[in-house]
Amino acid sequence: MRAMQGKAGVLAGVLERPRAYALVLRSPEHNLLRNSLFIMLNTFLGSAFGLLIWVAAARLYSPDQLGLGAAYISTLTFLAGLAELGLGTAIIRFGPGMRDGRSVFLNSALALVALAMLLATAVFALGTPLWSPRMGALTHSRLTLAVFIAAGVMTALDSLFDKIYIAFERAHFLVLTNLLTNALRLAATVALSFFLGATGFVLALCVGVAAALLLSGSRLAPRTVAGYQLKPALSLAAVRSRLGYTIGNHLGALAALLPAFCYPLLIVNLIGAAANATFYPIWMIANLLFVIPLSVATSAFARASNSEATAGEALAGATRRLLLVLIVPALGLVAVSPIAFRVLGLRGTRAEFLLLAWLVLSVFPYAVNTVAITFFRVTLNTRAVIVVSGVASAACLGLSLAGALRLGLAGIALGWLLGQLAGAAVAALLVYAQRRAQPAA
C-alpha cells in the first residue's frame, strides 16, 4: 500500500512539473530573459550575415565600390532612424496597453514612416552634390536613385515591424525575418556584383527586405497583435496624443544615430573610400559587443511597458551586473580579432588593432548610456533622453573629427570612446538627481 502511495506521489509530482514549468515560462522575468536573448540572437545573426556579405563582397567588388556601397547602407540606416519619427519607441511604450484603436495606430505609424522615409531619401539623394560629392551617382543615375529610395522606404517599414514584435514580446519573429532578409541579401549581393557595382549592394538589401515585409504583413504581425490587419490608413489623431513623448524620444534617437551616420561620410571625404572599407568591418565587429547592453535594455523597456507595475524590477534586473558581464565577451572579441581580420581581408596592422581596441573599451560607457536612456523613457523623462543622447553624440563627433585629422581611423574610434564617456558622466548625474527627487515628489 505504501509502495502504491509512493508511486502515486511520484506520478502527481511528474504531472505537476509541467504546470510549474509553464508558470516559470510565463513569468515576467522569463519574458525579459527570453526576449533579451532573441534580440541578441537577432542582432548577432545580422552581424554574422553582415560579415559574410562583406567577405563575399570584398572578393567581388573593388575597394572604392566596397567603400561607396558601405556608405550607401550606413546612410540608409541613419535615414531610417530619421524617418521613424519616434513612433517605434511609442509603439513599445504604449502599444501593449492600448485597447481601442490599436490597429489604426499601428497602420498610421507605418504610413507616416513610409512617407517620411520617401521624403528623407529623396532630399538626401538630391543634395549629395553639397554634402557628399563622392555619392553623386544618386543624382546621375535614375536606377541608382530609384533603388536607393526603394531600399530606404522598405528598410524603415521593416524596422517598425521589428518594434511591434519587441513591444508585444514576440522577439523570436525578429530572428525569422532577419534570417530571410539576410539569406536573400547574401545571394543577391553575389549575383548582382557583376552588373551594378556599388548599386548592387543596395539592390541586394531591397530583395531581402521586400521578402521580410511580405512575411510580416501577411503572417507574423497578425499573429503578434490580436485583431490586427495591415491596411492603408493615416490617422493623425491616433498619434497626436503621444506627440510630445514621440518627438522627444525621436530627437534623442537621432542624436544617438548621428555618429554612425557621419563617420562613413567623414572617412570617405577626409581619408578616402578605401579607408572606409577598413573602418566598416571593424565597426561591425565592435557592434557585436554593443548588442548586449542594447538588447537587454530594449527587452527591459518592453517588459516595463507590458507590466508597468513591475517597471522598476524589470529595469533593476536588466542592469544588474551588466558591466561585469561585458568583460568576458570584450576580452574574447579582442582575442579572436586576428582571425576575424584575416577572414575579412584586413591586414591586421597595429592601426587596425588600435581601432578595434578603442571601440571595444567604449562598450562600457555605452552600456551606462543605454541603460540610463531606457530608465528615462520608462519614467517619461524625455528631456533627459535628449540631453544624454545629445551630449554623447556631440562629444563623439567633435572628438572624432579632431582625432581623424591627427590619428586617422584610430582617432575616430578614440573620439567615439571619449564621447561615450562624456555621455555616461552626464547620464549618471541625471539618474542620481531624478532618483533623489522622487521621494520628495
Side-chain angles (χ1 to χ4, degrees), residues 39 74-98 102 104-124 152-167 233-262 290 294 297-302 304-305 366 369-397 419-420 423 426-427 430:
I39 294 170
S74 297
T75 298
L76 287 175
T77 301
F78 172 76
L79 293 178
L82 177 69
E84 192 192 52
L85 303 174
L87 290 167
T89 303
I91 287 173
I92 296 175
R93 182 63 181 86
F94 302 112
M98 298 177 90
R102 181 185 285 166
V104 174
F105 174 69
L106 295 179
N107 285 327
S108 296
L110 289 166
L112 283 171
V113 165
L115 291 173
M117 190 61 176
L118 181 65
L119 178 63
T121 49
V123 169
F124 177 86
V153 172
M154 288 191 290
T155 298
L157 290 174
D158 185 56
S159 178
L160 204 61
F161 274 116
D162 288 350
K163 299 300 191 301
I164 293 174
Y165 301 142
I166 292 171
L234 182 55
S235 172
L236 295 178
V239 298
R240 188 178 296 126
S241 62
R242 299 169 180 87
L243 199 59
Y245 180 86
T246 299
I247 292 176
N249 280 279
H250 184 50
L251 292 174
L254 286 181
L257 282 171
L258 198 57
F261 165 69
C262 290
F290 301 150
L294 186 60
T298 301
S299 183
F301 184 31
S305 301
Y366 176 84
N369 292 332
T370 302
V371 170
I373 288 172
T374 302
F375 171 75
F376 295 134
R377 282 175 172 167
V378 172
T379 57
L380 307 183
N381 189 351
T382 54
R383 180 178 298 177
V385 171
I386 295 171
V387 170
V388 173
S389 300
V391 168
S393 179
C396 285
L397 287 174
Q420 292 297 325
V426 172
L430 291 177

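Every value quoted in this text rests on a predicted model; they were computed, and no experiment measured them. The analysis underlying the following values was restricted to heavy atoms, covering all of them including side chains, and did not include hydrogens, waters or symmetry mates.
A donor-acceptor pair under 3.5 Å is formed between the side chain of T374 and the backbone N or O of T370. Side chain of S389 to backbone of V385: a donor-acceptor contact under 3.5 angstrom is found. Checked by atom type and distance alone, the side chain of N249 never pairs as donor or acceptor with a backbone atom of A90 at under 3.5 Å. Looking at T121, its side chain does come within 3.5 Å of a backbone N or O of L118 through a donor-acceptor pair.
The minimum heavy-atom distance between A427 and N369, with the atom names listed, is CB-OD1, 4.0 Å. Smallest separation of non-hydrogen atoms from A120 and L82: CB-CD2, 4.1 Å. Scanning both residues, R93 and L380, for their nearest heavy atoms gives NE-CD2, 3.8 Å. Summarising the geometry of A116 relative to L85, their closest heavy-atom pair is CB-CD1, 4.0 Å, with the distance given to 0.1 Å. For the residue pair A80 and M117, the shortest heavy atom distance occurs at N-CE, 3.4 Å. Shortest non-hydrogen contact noted between A255 and S393 is O-OG, 2.7 Å.
Side-chain contact between I91 and F105 is present, with at least one heavy-atom pair separated by less than 4.5 Å.
For F376, the ring pair (Phe, Tyr, Trp, His ring centres under 6.0 Å) criterion is met by no residue, not counting sequence neighbours. Applying the ring pair (Phe, Tyr, Trp, His ring centres under 6.0 Å) criterion to Y165, with sequence neighbours excluded, gives F173.
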When you look at K163 and L87, which way does the side-chain contact (heavy atoms from CB on, under 4.5 Å) test go after all the steps? CA-CA 9 Å; K163 299 300 191 301; L87 290 167; over 6 Å; no
Take L160 and E84 through the test side-chain contact (heavy atoms from CB on, under 4.5 Å) and record every step on the way to the result. CA-CA 7 Å; L160 204 61; E84 192 192 52; 4.2 Å; yes
CA sep, side-chain torsions, deciding dist, call: Y366, L294, side-chain contact (heavy atoms from CB on, under 4.5 Å): CA-CA 9 Å; Y366 176 84; L294 186 60; 4.0 Å; yes
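The CD1 atom of I373 lies 11.5 Å from the CG atom of N381; values are rounded to the nearest 0.5 Å.
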